[in-house]
Every structure is written in structure tokens, then in C-alpha cells.
Amino acid sequence: MEAIQAGWLSILPPVIAIVLAFLTKEVISSLTLGILSGAVIYAALSYDGVVMVAAKTVETAFSTMGATGGSVSKFNILLFLSLLGALVVVVTKAGGSKAYGNWAANKLRSATAAQLATSALGALIFIDDYFNCLTVGTVMKPVTDKYGISREKLAYIIDATAAPICIIAPVSSWAAAIGSSLSVTGEFESDLAAFVATIPFNFYALLSLVMVIILCVTNLDFGPMEKAQYRAKTQGILGASEEQENAAMPTGKGRVYDLVIPVLALIIFSILAMLYTGGYFTQADVTTLQQAFGNCDSSASLVMGGFGALLVAFLLFVPRRLLGFKAFMESITEGVKSMASANIILVLAWTLGSICSDVLGTGEYVKSVVLASHFPVAIIPAVIFAVAAFLSFSTGTAWGTFGILIPIVVEICASAAPELLIVSLSATLAGSVFGDHCSPISDTTILSSTGAGCNHIAHVSTQMPYALLVAVCSFVGYVVAGFTNANLLLSLGSAVVLLLAVTILLHRIAVKKEKASL
């Protein structure tokens, strides 16, 4: 089908989906209606007659879904999710998760230690955000459950150390995409130099990590998260999703290494597969790890890693009779079924994103608005951050957002404020990761709730105040950067101080409200 420029109508589908998701607490129907609304807009602007519009609405919706789901990389992500779901059930039934939970509970003596360990593991798995979300949740759920940490809090820690850590890690699938987008502007010597230059001013990513540490160490929760934590501590209701509540119980007498070995196998095989698909072992011109990670097919690599880990689990469990052959195969089927809901949500979210970007021209509309705007030079970084945050939240994609905005930012700064180029590009990436972190239709948001075994909308609603607070503080930091000629100490320092002060204030307000309601 031929794409059109729908103007302001192009932002309606994601707005409809997001608003309905918050109102109904049901994401699948909300995404479906968002997709259909976008298809209706396209059909109504392209064809005449009620019958033709109705027919083209259905055709547009499902042809876009088919094209999205038929993408090899996206199909590989669905395969990886299914393989990981199988691995989780297999390890759980063998008793590995329970054994690790008991061991870690003895080593980690407090809820604070459990939360810090979760965030540290998230920071260590910086290769890919998909891999990060699901692996951290799988490993840490038994530990956080032991100390009465709500699934909403676990999902937030996972989400806030997934995309935000990947976007500042020089060796990751994100670094490759960002570096290539930046280097084509001609402003940098290499992909790596371009990426590294943006890290100090990527305020949203840095402040997200600071926020996680603050909340883990001080428990200064507020808003819906404070209520979820209070419920978990006083009533023992952790907020696990129905799928998690109905998950298979351990049938084997596994040891700690029955969890550790499959997870390590997943990590090692995935990294080796990334190097392989990136040409490190097969192409003479690929001589560095950075080049290999930059060239790799991350989705295909994760599938290889997931299959390798499942094979290791088979060799580890079946010969020792922790699981019989039939039980192992039944566990694989059960694990794949457990990921059905996440797979459906991902396909719908991808379809909605394609409707916006490929059919209705949302990115082009935002681009025209930005180029037509006239504002003081000093607030360019802050305005760019706000535009990127809005676009990424609406479409649920960081990569698509910075892919659209980076050329625009270079064009604006080259003529108006060359001294603010680096900080403006950093603001573009920071705003882009905001939507990837907290949008209800973002794939990493979906995977974080899946990995934590938490209801998706509960995860979105509890983490949203935290994400918005970090975004506001980041915005202030970019305002300061613009007026101080990109002074890192003043801009980042002011944002961090503001973040800490407002967090303390909001926590005190939340505690007072909680006491007043008793």
C-alpha cells in the first residue's frame, strides 16, 4: 500500500491505544482498537464510499500486521521469547529456580540487597535490552519474592536497567544502531566516537539509573508503586500475573547450578552467536568486537542462544532424572504457551508502530512541526528532548525515533547552534529512550512485565510517575545545558539534585496519605 501524510491525525492511533489501555487496564483490545483507528484514517483519506472504506480498513490492518509479523527479525524475537519461556518452565520444574532462590535469600540478607542485586544484574547484561528484560526477571523473581518485593517494583527495576543501560553501553546492539545513525551525519570520526560523545549528556538514561539506586537503597517509593509495595509488605500480595500464579511448580530436586548453568549458557551462546552473525569468525575485515557487535543480527543470535541454553538444560536434567524425557518436552510446550500473551501484545504493538510510521507518516509530521518551529537557541536541547520523548512514547520505539530526528537535529544545530550539537543529539537519544522505557506499547515495557511476571498495565501505571519525574528533571537539565553552553557539571548536577529533592518530597506526601487512609 502507498503511504500517506495524515498530518495531526497520524498521532491519534497511539493516543487512542494508550488512553484506552489506562482506562480499561486491558492492553490487547486497546492496541487492536488503536490499529483499527489508524486503518480507518488511512482508508477514509485514500478511498471513497462506505463499503470501500470498510473493506480497506480491514485490509490495511491485517496486511500491515502480516508485513510486521513476517519480518525475519521480529519473528526471531517471538521465537526467542518462546524458547526463553520454555527454558524458564524447564528450570523451574527441575527445581533450579527454587534452589537458587533459597541460596540467594541466605546470601542477600535484606530487601535492599535483593533490589540492588537485581539492578546490578540488569546493568551487567548490557548486550541487548530484550535479553536483559527476560533474563533478569527469570533469575531474580525467587529472590525478590522471598523479601516481599512487589512484582511491580521488580518490573520497574528491570525496565529501568534495560534500555537505559543499553543506550549508554558502547558494546551493545543499541550502540551499533545509534553509532551508524550519528556517523552518517559526517560530524564524527567513527561510529564509536559518535556514540561515546553522547553518553555524558544522555540525562534520561543516567538519571534513570540514579533513580533505581535511590529507590533500592532508600525505599522512597511514591504514587501507585508505594501502594503496591505497602500491599506486598503488609498483606503478602506480590501482584503476580495470572500466568505466573498458574506457573508450574517444581517437581525435581534441583541445585543452584541447575539455574546458573542454563543462564550462563544463554549468555555465552548469545554473545558467541552475535560475534558469529557479526562476522567476527567468518569475515577477514571484521577484526574488533565493536565491529562484530555492530554488524550482528541480534534477534537471530538470541534465538541461537536460547536454543543452545535449552539443549544444555536437556543434557543437565534428563540424564540425572531431574526431569524425564516426556516431562521435559511437556515443559517446553507449557513454556511456549506461557509466552502467548506477550507474543500477541508484541505483534499488536509492532503493527501499531508500523501503522504510524509506514502508513500515516507520523514521523514526517513531527519532523515538519519541529522544522517549522521558531524558538530561542538556548532551549533547543530541551525542546528536542520533549519532541523525541513525545514521539517515542506515541510509537513505542526508540530506534525509529532517533532515526527520524537525528538528521533534523544536525540540520538545526549546524545553522543555529553548532556549540549545542552534542548535547542536542544526546537529548534526542534521551527522549527516544523515554518512550522505549515506559510507553505501554513499547516492546521492552512488555518484556519487562513478562519477565517479572507482572500485569502489564500494573507495571506501566506504577512506573509512569518515576519515568515522568526523571523526564522532567532531564528537561530541566537540558534547559540548564542550553543556557550554560553545555556545562556538564551544572546541567547534570542540577538534574540529579532536583531528582533527589522531589523524590523525597513525593515520598513524604505518599506516606502521609497512606497514614491518613488507615
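None of the values given here were measured: they were computed from a predicted structure. Residues: numbered from 1 along the sequence shown.
Val470 has its side chain out of reach of Tyr466: every pair of non-hydrogen atoms, C-beta onward, lies at least 4.5 Å apart. For the pair Glu226 and Leu220, the minimum side-chain heavy-atom distance is 4.5 Å or more. Counting only heavy atoms from C-beta outward, the side chains of Phe390 and Ile11 approach each other to under 4.5 Å. By the 4.5 Å heavy-atom criterion applied to side chains, Phe393 and Pro440 are counted as neighbours. Looking only at side-chain heavy atoms (C-beta outward), Leu492 and Pro200 stay at 4.5 Å or farther from each other. In this structure, Ser424 and Pro381 have side chains that are in contact, with non-hydrogen atoms separated by less than 4.5 Å. The closest side-chain heavy-atom distance from His459 to Arg151 is not below 4.5 Å. In this structure, Val263 and Leu259 have side chains that are in contact, with non-hydrogen atoms separated by less than 4.5 Å.
Expressed to the nearest 0.5 Å, how far CG of Leu33 lies from CD1 of Ile16 amounts to 8.5 Å. To the nearest 0.5 Å, atoms CG (Leu121) and CE (Met140) are separated by 6.5 Å. Here the straight-line distance linking atom OG of Ser10 with atom CD1 of Ile355 works out to 12.0 Å at 0.5 Å rounding. In this structure, the separation between CD1 on Ile384 and OG1 on Thr428 is 5.0 Å, given to the nearest 0.5 Å. Within the model, atoms CG of Leu87 and OG of Ser82 stand 12.5 Å from one another, a figure rounded to the nearest 0.5 Å. For the atom pair CG of Leu116 and CD1 of Ile157, the computed distance is 8.0 Å after rounding to the nearest 0.5 Å.
With sequence neighbours left out, the ring pair (Phe, Tyr, Trp, His ring centres under 6.0 Å) criterion links Phe475 to no other residue. Under the rule for a side-chain contact (heavy atoms from CB on, under 4.5 Å), the partners of Pro224 that lie at least two apart in sequence or sit in another chain are Thr462, Pro465. Under the rule for a side-chain contact (heavy atoms from CB on, under 4.5 Å), the partners of Ala113 that lie at least two apart in sequence or sit in another chain are Leu108, Ser110.
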May I have the list of side-chain donor-acceptor pairs in residues 496-507 shorter than 3.5 Å, sequence neighbours left out?
from	atom 1	to	atom 2	distance (Å)
Thr503	OG1	Leu499	O	2.6
His507	ND1	Asp221	N	3.4
His507	ND1	Asp221	O	2.7

Which donor-acceptor pairs under 3.5 Å do the side chains of residues 231-240 make with protein atoms, sequence neighbours left out?
from	atom 1	to	atom 2	distance (Å)
Arg231	NE	Ile237	O	3.1
Arg231	NH2	Glu152	OE1	3.1
Arg231	NH2	Glu152	OE2	3.1
Thr234	OG1	Tyr230	O	2.6

Side-chain donor-acceptor distances from residues 202-217 under 3.5 Å, at least two apart:
from	atom 1	to	atom 2	distance (Å)
Asn202	OD1	Ala205	N	3.4
Tyr204	OH	His437	ND1	2.7
Ser208	OG	Tyr204	O	2.8

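What you find for Ser270 and Leu302 is that their closest heavy atoms are OG-CD2, 4.0 Å. Nearest heavy atoms, Cys438 versus Gln463: CA-NE2, 3.3 Å. Looking at every heavy atom in both residues, Leu83 comes nearest to Gly306 through CD1-C, 4.1 Å. Of all heavy-atom pairs between Ala111 and Ile149, the closest is O-CD1, 3.7 Å. Counting all heavy atoms, side chain and backbone alike, Gly435 lies closest to Ser392 at N-OG, 3.0 Å. Across all their heavy atoms, Ser119 and Thr161 have their closest contact at O-CG2, 4.0 Å.
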**Item:** Residue pair Lys153, Thr144: steps toward the side-chain contact (heavy atoms from CB on, under 4.5 Å) verdict
**Value:** CA-CA 9 Å; Lys153 186 69 172 289; Thr144 55; over 6 Å; no

**Audit row: Phe201, Leu488, side-chain contact (heavy atoms from CB on, under 4.5 Å) steps and yes/no** = CA-CA 7 Å; Phe201 287 98; Leu488 179 61; 3.9 Å; yes

**Message:** Could you go through Tyr478 and Ser491, starting from their C-alpha distance and side-chain angles, then the distance that decides it, and tell me whether this counts as side-chain contact (heavy atoms from CB on, under 4.5 Å)?
**Reply:** CA-CA 7 Å; Tyr478 287 120; Ser491 54; over 6 Å; no

**Prompt:** Under the side-chain contact (heavy atoms from CB on, under 4.5 Å) criterion, do Leu360 and Leu9 qualify, and how do the steps go?
**Reply:** CA-CA 8 Å; Leu360 299 180; Leu9 292 173; over 6 Å; no

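Looking at Thr445, its side chain does come within 3.5 Å of a backbone N or O of Ser439 through a donor-acceptor pair. Judged purely by atom type and a 3.5 angstrom limit, Tyr257 has no side-chain atom pairing as donor or acceptor with the backbone of Pro262. Between the side chain of Ser426 and the backbone N or O of Thr198, at least one donor-acceptor pair lies under 3.5 Å. Of the possible polar contacts, none joining the Ser331 side chain to the Val90 backbone as a donor-acceptor pair under 3.5 Å is found. Side chain of Asp258 to main chain of Arg255: a donor-acceptor pair is present (N/O by atom type, distance under 3.5 Å, no hydrogens or angles).
For the residue pair Ser449 and His456, a side-chain donor N or O sits within less than 3.5 Å of a side-chain acceptor on the partner. With 3.5 Å as the limit, one finds no donor-acceptor pair spanning the side chains of Gln229 and Asn219.
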